[in-house]
A.B. asks: 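To start, I am sharing the structure in question, which I have written as structure tokens.
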Amino acid sequence: MNKFLRYSFVALLAMIGLNISAQEVTLDFTLETEEGSKESVWGFPSGSANKLVDEQSFTYGGYTVKVAGSTGQGYYWHNKDHYLLYGKQGAYLTLPAFNFDVERIDVEGNPSASTGVKQNIFVGDEAVSTETVGAQGTNIFTIADGKQAAGTIYTIKVNSNHNNQIRTIKIWKKGSGAKQSADIAWSKASATVTIGADDNVFPTLSNPNNLTVSYASTKEEVATINENGQVTLVAAGTTKISAIFEGNDSYEASTVSYNLTVKEAETPSETTTVANVAALNALENNTTFTYTSDVLVVYVNGSYAYIKDDTGSSLIYDNGKTKLANLGIGTKVAANWTGKVSVYNNLFEAVPNDVLATNGASAIQVTYPDAAITDVVPANMNQVVVLKGVAYTAPEGKNFTITEGGVEVKGYNTFGIEIAAPEEGKNYNITGVISVYKENAQFLPIAIEEATAASTDIWTVAGTKPLVDNSWDPSDTNADMTSTDGVTYTYVKEDITLEAGVSNEFKIVKNHSWDEAYPSQNYTFSVDETAKYKVTITFNATSKEITVDKVKTGEAEVVTHTYSVVGTLVGSWEVDQDMTKGDDGLYRVEIRDVEKGDYEYKVRADHDWSVSYPASGNYQLSIEQTSTVTITFNEETKEVLETVTPATGINTIDAAKAQNGAIYNVAGQKVNAGYKGLIIMNGKKFVNK
């Protein structure tokens, strides 16, 4: 490699050796190759920072310079940034003896050094200069009379608790008529800019004396700079931008530089829209997305927020710990937030772009499902679960081991909970997160408590089909819930068909008796899509909290039902009067010879009480004289209409069970506003001409 040196003092020292009258000697410890890289100087590794305590010497252009730190202070010989010395009080640098009388010594430090820096020039232990305080850039020391003779050895000592960096030293001959410093400087030592960005900011040049300068770039294939100091970006890379003053009779020559890093503009990536957790988890690494639904937060701690819906569980991660500040357990992240997928050591993370907001609803109670130790596998990552009746080892730092039945999983205390040493012979319930690190699953604990003996109480699910098969029979042992700790009970029904919009209802019954059942009103839920589902009901026997987890497992065909009328209207609550579906899609049944009186009835599906209308209470009907009653049921709207035909042959319709504003003819058929003849609307008869 063809190297060149920017040692401006070399030629000057040569002049001194030839006894040529030079104005100054400059020790500039900057060494560059053609490519602008930094190299090793004086035997120290390139780019290193070397701690100095004992004095060390090096030869430079035939001269010997000594440098040292101070015991216990950690001072450095710092070649990385072209510093000859970086240190605090007690660090020093000793100059060689020059063959001319010295009038002044200028010491240039790092322009970004802290204020309050103090230096002194010493001969032996005696200060022989005027101290300069608060220096950034150049400190000027005028040598006291009687201490200026050729051959005098000067020591520059740091006399402050502030950091000081010595970069360039200039020695002035007595009577040379010292010039003023050019005093030009860049506002920053480095800058990083992006091609095409609107906010590219370049350092500005301070030139208080209005000196004429020229500009240069070491790599014009990266960036160029014109005679006015305007930078043009060319391609990604790093270059050095310099401002050069050649010097004149009044001001010293000076070159100041800054490092410029140029980056290519990032190509905006396409944004994927996702509406549930399963779709989020299916995204690939570095995918940008918009999440368009509200989603429940089941656990949040610092940088981690775990979310869940009917399709699965996932993790929102924010290393800055500010974007999750609004979230809490049981709140919902408001829809339409954006982020980017990060797969870190195989752990899926959704990293938000901005601070996340909640949907404003009150937080709900969150309970965590039980899981077996064999469920702690990468496929179940980011699920918050409870491992019941397990053992664990005393932690070593953040690491511990969880065991059950000869199976082991690794635990890692990410959230910094207090983990006491386990007691011999005892089992524990550990609530935590199934996580992944590289190829292995691990469990991140949230809480650890001693497992208690199982309760003798039996809890049973009684309710509607197909959720259970007992049709509200509390003695059905097939619907008994299971528990490992006598506190949390579960009931699982797999591969059942749930219809969209149909209410599924149940209660949790204690010891097969209605004497104690929860909740006081039926627990109801529905699904938005007719499909096959796995339904898990979880019940906390202490708090009486109930949660239902619904996971779609497959597609399902449209279900066909039989609808019937039951109640006193047809003579008995045990007898079904089946309805017939007409060409108009409505179900009807005609009940003849209904005598005067008050009646009650319901419409139910499939001769079972799992689905019936109205959902609560019964329909009431009063008959004034022996009549024929026609009951009409709309399967889509669940609307029930009564048509009563008395002995007069004129029909009456119970408008309370009809939609407001609907029009019917005397046969009970729904007609439009253009129908001519006798009509019934809102319980009144009209003749429409």
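Nothing here was measured: the structure is a model prediction, and the numbers come from that model.
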A.B. asks: Locate the shortest heavy-atom distance separating Leu327 from Ala305; write the atom from each residue and the value.
C.D. replies: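 Where Leu327 meets Ala305 most closely, the heavy atoms are CD1-CB, 4.1 Å.
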A.B. asks: Specify the closest pair of heavy atoms between Ile241 and Trp186, including all atoms of both residues, with the distance to one decimal.
C.D. replies: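 Closest approach of Ile241 to Trp186, heavy atoms only: O-NE1, 3.9 Å.
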A.B. asks: Report yes or no: does Ser217 contribute a side-chain atom to a donor-acceptor pair with the main-chain N or O of Ile225 at less than 3.5 Å?
C.D. replies: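 No.
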A.B. asks: Kindly determine whether Tyr412 and Phe443 satisfy ring pair (Phe, Tyr, Trp, His ring centres under 6.0 Å), including the steps that lead there.
C.D. replies: CA-CA 6 Å; Tyr412 188 75; Phe443 199 71; over 10 Å; no
A.B. asks: Rounded to the nearest 0.5 Å, what separates atom OH in Tyr258 from atom CG in Leu205?
C.D. replies: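 Answer for the OH-CG pair, Tyr258 versus Leu205, is 10.0 Å.
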A.B. asks: Should the heavy atoms of other residues, nucleotides or ligands under 6.0 Å from CG of Asp528 be counted, would the total exceed 12?
C.D. replies: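 It does not: Asp528 CG has 12 such atoms or fewer within range.
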A.B. asks: Specify the closest pair of heavy atoms between Phe141 and Arg104, including all atoms of both residues, with the distance to one decimal.
C.D. replies: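 Distance-wise, the nearest heavy atoms are O-CG, 3.1 Å.
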A.B. asks: Side-chain contact, heavy-atom cut-off 4.5 Å: Tyr154 with Val123?
C.D. replies: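 Yes, their side chains come closer than 4.5 Å.
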A.B. asks: Around atom CD of Glu439, are there more than 12 heavy atoms of other residues, nucleotides or ligands at under 6.0 Å?
C.D. replies: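 At most 12 heavy atoms, drawn from other residues, nucleotides or ligands, come within 6.0 Å of this atom.
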A.B. asks: For a quick test of reading the model, state the closest non-hydrogen atom pair linking Ser314 to Val277 and the distance between them.
C.D. replies: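 For Ser314 versus Val277, the nearest heavy atoms are CB-CG1, 3.7 Å.
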A.B. asks: Only counting residues at least two apart or in another chain, list the ones meeting side chain to side chain contact (heavy atoms under 4.5 Å, CB included) with Ser435.
C.D. replies: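 Partners of Ser435 by the side chain to side chain contact (heavy atoms under 4.5 Å, CB included) criterion, ordered by chain and then number, come out as Leu347, Gln442, Leu444.
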A.B. asks: Would you find a donor on one side and an acceptor on the other, under 3.5 Å apart, between the side chain of Ser206 and the backbone of Ile184?
C.D. replies: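 No; judged by distance alone, with no hydrogens or angles, the pair does not exist.
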A.B. asks: How many angstroms lie between CG in Leu324 and OH in Tyr317, if you round to the nearest 0.5 Å?
C.D. replies: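 OH of Tyr317 is found 10.0 Å from CG of Leu324.
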A.B. asks: Indicate yes or no: at least one non-hydrogen side-chain atom of Leu93 is less than 4.5 angstrom from one of Ile169.
C.D. replies: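 With C-beta onward as the side chain, the pair touches.
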A.B. asks: Restricting to pairs with a member in residues 320-335, which pass salt bridge (Lys or Arg N to Asp or Glu O under 4.0 Å), not counting sequence neighbours?
C.D. replies: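 Qualifying pairs: none.
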A.B. asks: Any chance you could measure Thr204, atom OG1, to Lys188, atom NZ, to the nearest 0.5 Å?
C.D. replies: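 Thr204 atom OG1 to Lys188 atom NZ measures 9.0 Å (nearest 0.5 Å).
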A.B. asks: For a 4.5 angstrom cut-off between non-hydrogen side-chain atoms, does Ile307 reach Leu315?
C.D. replies: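 Result no, sub-4.5 Å side-chain heavy-atom pair not found.
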A.B. asks: Nearest 0.5 angstrom please: Glu264 CD to Leu233 CG, how far?
C.D. replies: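 With rounding to 0.5 Å, CD (Glu264) is 9.5 Å from CG (Leu233).
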A.B. asks: Where the side chain of Asn346 meets the backbone of Lys438, is there a donor-acceptor pair that is under 3.5 Å apart?
C.D. replies: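 Here the side-chain-to-backbone pair exists.
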A.B. asks: Partners of Asp310 by salt bridge (charged side-chain N to carboxylate O under 4.0 Å, His left out), sequence neighbours excluded?
C.D. replies: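 Asp310: salt bridge (charged side-chain N to carboxylate O under 4.0 Å, His left out) contacts with Lys550.
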A.B. asks: Using atom types as modelled and distance alone, determine if a side-chain donor or acceptor of Thr288 lies under 3.5 Å from a backbone N or O of Glu270.
C.D. replies: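 Confirmed, Thr288 side chain pairs with Glu270 backbone.
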A.B. asks: In Å and rounded to the nearest 0.5 Å, what is the OG1 to CD distance from Thr224 to Gln230?
C.D. replies: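 Reported value, rounded in 0.5 Å steps: 8.5 Å.
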A.B. asks: Between Tyr306 and Ser313, is there a side-chain heavy-atom distance shorter than 4.5 Å?
C.D. replies: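 A side-chain contact under 4.5 Å is absent here.
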A.B. asks: According to side chain to side chain contact (heavy atoms under 4.5 Å, CB included), who are the partners of Glu246, at least two apart in sequence or on a separate chain?
C.D. replies: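 Side chain to side chain contact (heavy atoms under 4.5 Å, CB included) list for Glu246, sorted by chain: Ile244.
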A.B. asks: With side-chain contact (heavy atoms from CB on, under 4.5 Å) as the test, would you mind laying out the steps for Phe348 and Leu280 before giving the verdict?
C.D. replies: CA-CA 10 Å; Phe348 182 94; Leu280 177 66; 4.1 Å; yes
A.B. asks: Looking only at heavy atoms, which two atoms of Ala97 and Gly151 are closest? And how far apart?
C.D. replies: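 Closest heavy-atom pair between Ala97 and Gly151: CB-O, 3.4 Å.
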A.B. asks: Determine, step by step, whether Leu260 and Val231 satisfy the side-chain contact (heavy atoms from CB on, under 4.5 Å) criterion, reporting the C-alpha distance in whole Å, the side-chain angles of both residues, the deciding distance to 0.1 Å, and the verdict.
C.D. replies: CA-CA 10 Å; Leu260 176 64; Val231 175; 4.1 Å; yes
A.B. asks: Give every residue pair that meets the side chain to side chain donor-acceptor pair (under 3.5 Å) criterion with at least one member in residues 291-300, sequence neighbours excluded.
C.D. replies: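 Qualifying pairs: Asp294-Asn359, Tyr299-Asn301.
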A.B. asks: So among Thr287, Asn286, Asn285, Asn281, which one has a side chain to side chain contact (heavy atoms under 4.5 Å, CB included) with Leu283?
C.D. replies: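 When Thr287, Asn286, Asn285, Asn281 are each tested with Leu283, the side chain to side chain contact (heavy atoms under 4.5 Å, CB included) holds only for Thr287.
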A.B. asks: Ignoring hydrogens and angles, tell me if any N or O in the side chain of Thr239 forms a donor-acceptor pair with the backbone of Lys219 under 3.5 Å.
C.D. replies: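 Answer holds: yes.
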A.B. asks: Looking at the rings of Phe415 and Tyr304, which for Trp means the six-membered one, are their centres under 6.0 Å apart?
C.D. replies: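 Aromatic pair counts; centres sit under 6.0 Å.
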A.B. asks: Residues in salt bridge (charged side-chain N to carboxylate O under 4.0 Å, His left out) with Lys263, at least two apart?
C.D. replies: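 Testing Lys263 for salt bridge (charged side-chain N to carboxylate O under 4.0 Å, His left out), a comparison that skips the adjacent residues, returns none.
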A.B. asks: Does any part of the side chain of Ile143, heavy atoms only, come nearer than 4.5 Å to the side chain of Trp172, both counted from C-beta?
C.D. replies: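 Trp172 vs Ile143: side chains apart.
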A.B. asks: Quick one: pull up CD1 in Ile434 and CE in Met381 and give me the separation to the nearest 0.5 Å.
C.D. replies: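 Interatomic distance, Ile434 CD1 to Met381 CE, rounded to 0.5 Å: 10.5 Å.
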A.B. asks: Are there more than 12 heavy atoms of other residues, nucleotides or ligands under 6.0 Å from atom NZ of Lys410?
C.D. replies: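 No, NZ of Lys410 has 12 or fewer neighbouring heavy atoms, counting only those of other groups under 6.0 Å.
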A.B. asks: Please name the pair of heavy atoms, one in Ala357 and one in Asn326, separated by the smallest distance, quoted to 0.1 Å.
C.D. replies: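 Minimum heavy-atom separation between Ala357 and Asn326: CA-ND2, 4.3 Å.
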A.B. asks: Using the side chain to side chain donor-acceptor pair (under 3.5 Å) rule, take Thr273 and Thr290 through it: C-alpha gap first, then chi angles, then the decisive distance, then the call.
C.D. replies: CA-CA 5 Å; Thr273 299; Thr290 298; 5.3 Å; no
A.B. asks: Given 3.5 Å as the limit, does a donor-acceptor pair link the side chain of Asn276 with the main chain of Ala278, or not?
C.D. replies: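 Yes; judged by distance alone, with no hydrogens or angles, the pair exists.
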A.B. asks: Closer than 3.5 angstrom, by distance alone: can the side chain of Asn209 be matched with the main-chain N or O of Leu211 as a donor-acceptor pair?
C.D. replies: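 Absent.
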